[in-house]
Peer 1: 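So that we are looking at the same thing, I have put the structure below in structure tokens.
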Amino acid sequence: MRSLTMSQAINEALREEMRSQPTLILLGQDIGPYGGTFGVYRGLFEEFGEDRVRDGPLCESATVGFAIGAAINGMRTVVELEFMDFVTVAMDQIVNQAAKMHYFFGGQINVPMVIRTPIVSRMGMGSQHSQSLEAWFMHVPGLKIAIPSNAYDAKGLLKTALRDSNPVLFVENVRLYSTKSEVPETDYSIPFGQARVLREGSDLTMVAISGTVPVALAAADQLAQKEVSVEVVDPRTLNPFDIETLAGSLRKTGKVLITHDGYRTAGVGAEIGQRLAEEAFNYLDAPILRVTGQDVPVTSGDLHLAMVPNCDTLVKASMELMGKG
Amino acid sequence: MRSLTMSQAINEALREEMRSQPTLILLGQDIGPYGGTFGVYRGLFEEFGEDRVRDGPLCESATVGFAIGAAINGMRTVVELEFMDFVTVAMDQIVNQAAKMHYFFGGQINVPMVIRTPIVSRMGMGSQHSQSLEAWFMHVPGLKIAIPSNAYDAKGLLKTALRDSNPVLFVENVRLYSTKSEVPETDYSIPFGQARVLREGSDLTMVAISGTVPVALAAADQLAQKEVSVEVVDPRTLNPFDIETLAGSLRKTGKVLITHDGYRTAGVGAEIGQRLAEEAFNYLDAPILRVTGQDVPVTSGDLHLAMVPNCDTLVKASMELMGKG
Amino acid sequence: MQTADTNATSRPTVELGVLLQWFEQMLTIRAFEESAIELFGKGMISGSTHPAIAAEAVAVGACSALRPEDLVLATYRGHGVCIAKGSDPKALMAEVLGRVTGCCKGKGGSMHLCDVGRGILGTNAIVAAHIPIAGGVALASKLRHTGQVTLCFFGDGASCEGEFFETLNMAALWKVPLVLVCENNEYAISVPINKSQATPDIADRALGFGMRNIKLDGNDVLAVHEAVSSAASYAREGKGPTLIECKTVRWERHSAFSAGRNDNPEAAQRWRRADPIPRFRALLIGLGAEESQLQGREQRAAGIVHEAVEFALASPRPSEASLSEDVFAQ
Amino acid sequence: MQTADTNATSRPTVELGVLLQWFEQMLTIRAFEESAIELFGKGMISGSTHPAIAAEAVAVGACSALRPEDLVLATYRGHGVCIAKGSDPKALMAEVLGRVTGCCKGKGGSMHLCDVGRGILGTNAIVAAHIPIAGGVALASKLRHTGQVTLCFFGDGASCEGEFFETLNMAALWKVPLVLVCENNEYAISVPINKSQATPDIADRALGFGMRNIKLDGNDVLAVHEAVSSAASYAREGKGPTLIECKTVRWERHSAFSAGRNDNPEAAQRWRRADPIPRFRALLIGLGAEESQLQGREQRAAGIVHEAVEFALASPRPSEASLSEDVFAQ
Ligand SMILES: Cc1ncc(C[n+]2csc(CCOP(=O)(O)OP(=O)(O)O)c2C)c(N)n1
Ligand SMILES: Cc1ncc(C[n+]2csc(CCOP(=O)(O)OP(=O)(O)O)c2C)c(N)n1
Ligand SMILES: [Mg+2]
Ligand SMILES: [Mg+2]
């Protein structure tokens, strides 16, 4: 089968849905001739024109507001927020408007909108251009969240997002844009709420999301040499969340390590850890471990690599969890 | 000793610090002659005048921005956000500016600013005027968070906040404004990072914050009649967080129930639960329970009372946790 | 950029029967709000309710200039707009009272009304947040060539929020069929406009964006009607948005809940002169309306609201099960 | 409201020695940015770097109109402003390269520069977020009667963000001693200004707020100097803020990192005419400067930047331990 980069896969999903859904429009900045801040939109402006691929003024809050408005009046919209750090600027439209509108209007109004935003972690861009803030949005009822870790999942999940009647936060990761995986030519979609077991194992369950997935897989390889069989699971969507697959893996291994780039405190790992303990407490033969981004505003430069998990820290933590530390 | 309502205690703390700190100013809307949306500022405008008690235009983001700017140029500032739901409108200034500035400027700049914001839970104000969003801010390195549950703590914690060199999010609760407790006439302050054991007990640890504290105390009374001895602990500040006192209580009781009004998923309870499990896993003889706000956008009217914890749900959950359910 | 100061007390082109209909609507709004305040006083409305008193002429003058398929968005002070756009007062009052027969199943409440069938795409409780949303609604109409115009109501306080300006810029740039109607009642809760901005006229905000603007007396229902009519045709011709500032006087307190005092004798004075209802009544008499016709309308309005209250009070509250319904659309 | 279109190629009042100093600063900025781009190309700068090329005249013209105690805030494209305000190029280059000797201990990076000693209260990477912060800085100076003026630099893109407008409103209302300097280089990354706003002039935004404004050629260092001087004294007299629009042409790509093409032949053409450095050089010659003096300045500028690069490259990177330092102030 042909393989695509994650960025190509996302581009293809958008292109296909733009072709099949005449009411689908793209809003944002630098999404036109420029092709998107990280090039994900290449060719879309040329194929679909400026009415549907709309570069606009630099005002994220109103841009998301316009996207919501168009979505409740017969269109489907996709907004790009150039860095996930900028969700702060559009927070009200995402949280108090898009996510709640269907509910507080008694189901009368749907908001078929996808907000695409890249995590720009591990690139040294500094405090305001490097954050992984997905945890906040798990705390927002009414908002779906997809956070793919490879090209295949990205295309399948984006297809689902682009056919959903609800607002979806689609979290990409710039570090993964250039990674390749096999992507079928034929149309497919991946339902939300289904975690993916990327590697089977029996000793330890490693839950990884977004940029930490490849790191976890590499660590699992190294751990195999140390006779530790690791199961690597990627939840793929944070809302809805597939607790069953994770709990199943925990029941098998009895040990869980959760890893993500986002800040440790009140991060995604806190919810997953607590939730797993609620589901399968009696199967746990050690406390659930978190290996995450540190609780410090991200630094610029290479130094910030020291604040996020890497293969070594995952291996070391796993060995400790196995009592072989 | 005299007793004050929480709203009087907060007013007194502000008044005393306004008197002793000439560089302290208050920014916001309706904080002048009106006395604050919920009356907490009564008399301050009259005593300190409009230069220091500054009603301004309705633009929270720039208001917080101005407060940051004044704070980095020789003043100390307090901003009132009228409902906690409106943090969404000023999110960038709080998260990407105030909380990170000291760090990314290499320690050159301090931001002595307090953002006061009331949770307006349990008042039927609907989806956009009822939320408890404190969990988000635990995920923001560089920001301190105080969330008092009574008049005594509110005054002592606010005094500390008003003497701190860092940005502090001070989360109040409108339901508690009228509750009274003893408050000394003499000056005192309560250090951040010290949880308070409000009731000692031996069978079960109940961790409650803000509006759920009185509910937890009432539940503890009822549980006492059922021979269940409950220890009620209020963390009082979420950053810094006093895990030691909580873990100590858990080591004593072996059972923990965490309650808050905020949404369940990725809420404060997730972090506290996972953190306690990391600290004292071997002392747990049951999974840590969460009794929280449901994951639905808050409804208006009385119906929304059904989505937050109450005395009965706490008692019921506690009995189950005790294996007496 | 075209600027016009409209004041239309000259003989109207609209025929008397229609004017009487407007009069009835204004009376209905006034009675609706008076009932809501009373019901709140009796503890029958939880949360709060924000009366549209002093905004009746704006709501009726503006909505009467629209076609049924046109769209409106408004604020928490939106009961009047919904009535003026033709929504059923029964369903509105039921929603305000949190009953399952309400337009939002009793879960939205006074600040979140919606009636898609009548082109009401919702009232919003985050100040100014609905303004860019209205811009997007208008953009969709433009892209889909529906010929619809979108009307967005908001206050003087909202005109200080960044999203309002962002929308002025985007709407003017994209020439969307949008009419922005600012109800300048001189107060944002307790903050008077002179503590909110350096200049007196909100309409002037449009200048820097190349947007057309109009300033007028918001208690002159005919002036509002004419201005919105011209802005609507301007929008339908594809010429883009207009910002209309309707000046009024807030006389009632901000909301039934508000802590603040509402004894503002000076405002009360001006309000006596400004009150659009006696004023319109006098105009109608001048136009030859019979006293009996007017009294008939007054009775009808009272009846409509009375019926709405009865209906609402007789309706059940939403079930606990409904709490978890409609979180996501299927 | 007072509006002035300034263009000062008439004989300047500033003496030649000072003008030569400005010339040297402009050259230093240019050389600093060219080195940064080169170092980025060699992979020695992680993240990105946003050259202030095309903004040298704005930075130098503006900062030269200030007193040492005056304050400035700027954007991620702020290297030039910091140099113009007198910050040490060594510490700046070290910060850009993420070295511990940098002005922010190597943890801020190219987009987060700060030098409190020189009145530089920071460069910011969230577009427009520093504008209200600058407003608050100015408010503090006013309340503390320090006589300081605050200068805030930002771009045409930033002028579409809500916080910019919110600040125009608050600053005009409170008459704070603030000078808003917009570098209109016609692009926000790839979005040209005609896709960002319906009107050509950003300065016009001030009109609706009762704020004074000035439009000028941002590559005419004398014009910038005069405008900022007049705005600064206006502010010091307590008359309030001014919005100054400096028109320029972005010729370099948005940032050294940017994915986008930067071959814009039309812009290149206009840039050849606009480039403030040869233009100012010619003016200086006209004013009687010796070729040798100018070459001396050129050499000095090159030397300063060379030294800065040497210094930075010789400096260590911050330790892993420093990662958890300065999260909170003591
Ligand atoms: C973003 C936001 N800030 C503050 C509030 C609280 N609040 C509700 S109405 C209001 C005043 C709005 O004034 P204006 O826009 O003039 O409308 P009016 O109430 O006068 O009709 C305020 C401050 C809110 N709901 N949303
Ligand atoms: C809130 C926010 N949105 C988007 C960005 C990404 N971004 C960085 S610079 C820039 C363009 C800004 O253009 P302008 O204000 O004209 O300044 P210039 O870069 O031209 O100097 C954008 C979109 C950002 N940093 N912050
Ligand atoms: Mg008002
Ligand atoms: Mg620009």
Side-chain angles (χ1 to χ4, degrees), chain A residues 22-25 27 50-52 54-77 79 89-93 95-113 140-144 164-168 192 239-240, chain C residues 71 73 95 100 102-109 111-117 120-126 128-144 146 148 150 152 161-171 173-174 176 318 322 324-330:
Chain A
T23 59
L24 175 58
I25 60 172
L27 298 171
E50 70 175 335
D51 257 9
R52 294 185 62 198
R54 308 184 69 87
D55 262 333
L58 187 47
C59 47
E60 289 81 0
S61 193
T63 304
V64 174
F66 266 66
I68 293 170
I72 67 174
N73 189 22
M75 315 290 290
R76 175 183 296 281
T77 53
V79 185
V89 180
M91 201 68 179
D92 187 73
Q93 289 292 342
V95 171
N96 283 331
Q97 308 305 328
K100 296 180 169 59
M101 208 172 267
H102 180 74
Y103 189 83
F104 63 58
F105 288 146
Q108 279 183 85
I109 280 182
N110 295 352
V111 185
M113 169 179 71
V140 179
L143 185 66
K144 296 187 178 182
D164 198 288
S165 304
N166 298 284
V168 177
F192 282 15
N239 185 359
Chain C
L71 303 164
L73 291 84
E95 190 57 43
V100 72
C103 54
C104 299
K105 303 180 183 171
K107 288 161 70 181
M111 302 202 280
H112 299 296
L113 305 173
C114 182
D115 183 347
V116 172
I120 299 162
L121 296 189
T123 66
N124 205 300
I126 298 294
H130 65 304
I131 303 176
I133 295 173
V137 168
L139 172 65
S141 299
K142 178 179 178 139
L143 293 174
R144 291 167 49 226
T146 64
Q148 290 162 302
T150 298
C152 180
E161 292 276 6
E163 289 188 303
F164 168 60
F165 302 109
E166 293 180 350
T167 305
L168 288 179
N169 187 42
M170 287 179 80
L173 175 68
W174 289 350
V176 297
S322 73
S324 46
E325 289 164 12
D326 294 327
V327 176
F328 287 111
Q330 291 327 315

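Residue numbers begin at 1 in each chain, while the letters A, B, ... track the order of the sequences. Nothing here was measured: the structure is a model prediction, and the numbers come from that model.
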Peer 1: What part of C:Glu95 is in contact with chain A, defined as an atom under 4.5 angstrom from a non-hydrogen atom: side chain, backbone, both or neither?
Peer 2: neither
Peer 1: Select, from C:Gly135, C:Ala138, C:Ala134, the one with the greatest count of heavy-atom pairs under 4.5 Å involving chain A.
Peer 2: C:Gly135
Peer 1: At a 4.5 Å cut-off on heavy atoms, which part of A:Leu58 comes close to chain C: side chain, backbone, both, or neither?
Peer 2: neither
Peer 1: Do A:Met101 and C:Ile133 pass the side chain to side chain contact (heavy atoms under 4.5 Å, CB included) test, and can you show the C-alpha distance, the side-chain angles, and the key distance before you say yes or no?
Peer 2: CA-CA 12 Å; A:Met101 208 172 267; C:Ile133 295 173; 3.7 Å; yes
Peer 1: To the nearest 0.5 Å, what is the distance between CD on A:Gln97 and NE2 on C:His130?
Peer 2: 9.5 Å
Peer 1: How many angstroms lie between CZ in A:Phe104 and OG1 in C:Thr123, if you round to the nearest 0.5 Å?
Peer 2: 8.0 Å
Peer 1: Who wins among A:Val64, A:Ile68, A:Ile109 for the most heavy-atom pairs under 4.5 Å with chain C?
Peer 2: A:Ile109
Peer 1: Among C:Ala329, C:Gly108, C:Ala140, which residue forms the greatest number of heavy-atom pairs with chain A at distances under 4.5 Å?
Peer 2: C:Ala329
Peer 1: Pick from C:Leu113, C:Val137, C:Asp115, C:Val116: which one has the most heavy-atom pairs with chain A under 4.5 Å?
Peer 2: C:Val137
Peer 1: Among C:Pro318, C:Gly106, C:Gly136, which residue has the highest count of heavy-atom pairs closer than 4.5 Å to chain A?
Peer 2: C:Gly136
Peer 1: Is C:Ile131 close to chain A through its backbone or its side chain, or both, or neither, when contacts mean heavy atoms under 4.5 Å?
Peer 2: neither
Peer 1: Looking only at heavy atoms, which two atoms of A:Cys59 and C:Glu166 are closest? And how far apart?
Peer 2: CB-CD, 3.3 Å
Peer 1: Do the ring planes of A:Phe66 and C:Trp174 sit parallel (below 30°), tilted (30 to 60°) or perpendicular (above 60°)?
Peer 2: perpendicular
Peer 1: How long is the straight-line distance from OG1 of A:Thr63 back to CE of C:Met170, given to the nearest 0.5 Å?
Peer 2: 4.5 Å
Peer 1: Side chain to side chain contact (heavy atoms under 4.5 Å, CB included) between A:Gln93 and C:Glu163: does it pass, once the steps are laid out?
Peer 2: CA-CA 10 Å; A:Gln93 289 292 342; C:Glu163 289 188 303; 2.8 Å; yes
Peer 1: Once you round to the nearest 0.5 Å, how far does CD of A:Gln108 lie from CG of C:Leu121?
Peer 2: 9.5 Å
Peer 1: For C:Thr146, is it the side chain, the backbone, both or neither that has a heavy atom under 4.5 Å from a heavy atom of chain A?
Peer 2: neither
Peer 1: To the nearest 0.5 Å, what is the distance between OG1 (A:Thr77) and CG (C:Leu139)?
Peer 2: 9.5 Å
Peer 1: Report yes if the side chains of A:Arg54 and C:Leu143 come closer than 4.5 Å at any heavy-atom pair, otherwise no.
Peer 2: yes
Peer 1: Out of A:Ser61, A:Gly107, A:Ala71, which one racks up the most heavy-atom pairs below 4.5 Å with chain C?
Peer 2: A:Ser61
Peer 1: Would you say A:Lys144 and C:Phe328 make side-chain contact, with heavy atoms under 4.5 Å?
Peer 2: yes
Peer 1: Please name all residues satisfying ring-ring contact (aromatic ring centres under 6.0 Å, His included) with A:His102, sequence neighbours left out, ordered by chain then number.
Peer 2: none
Peer 1: Is chain C contacted by the side chain of A:Asp92, its backbone, both, or neither, given a heavy-atom distance below 4.5 Å?
Peer 2: side chain
Peer 1: Donor-acceptor check, side chain of C:Arg144 to backbone of A:Asn73, threshold 3.5 angstrom: yes or no?
Peer 2: yes
Peer 1: Do you know which of C:Asn169, C:Thr150, C:Thr167, C:Leu73 has the most heavy-atom pairs with chain A at a distance under 4.5 angstrom?
Peer 2: C:Thr167
Peer 1: Hey, what do you get for CD (C:Gln330) to CG (A:Asn166), rounding to the nearest 0.5 Å?
Peer 2: 7.5 Å
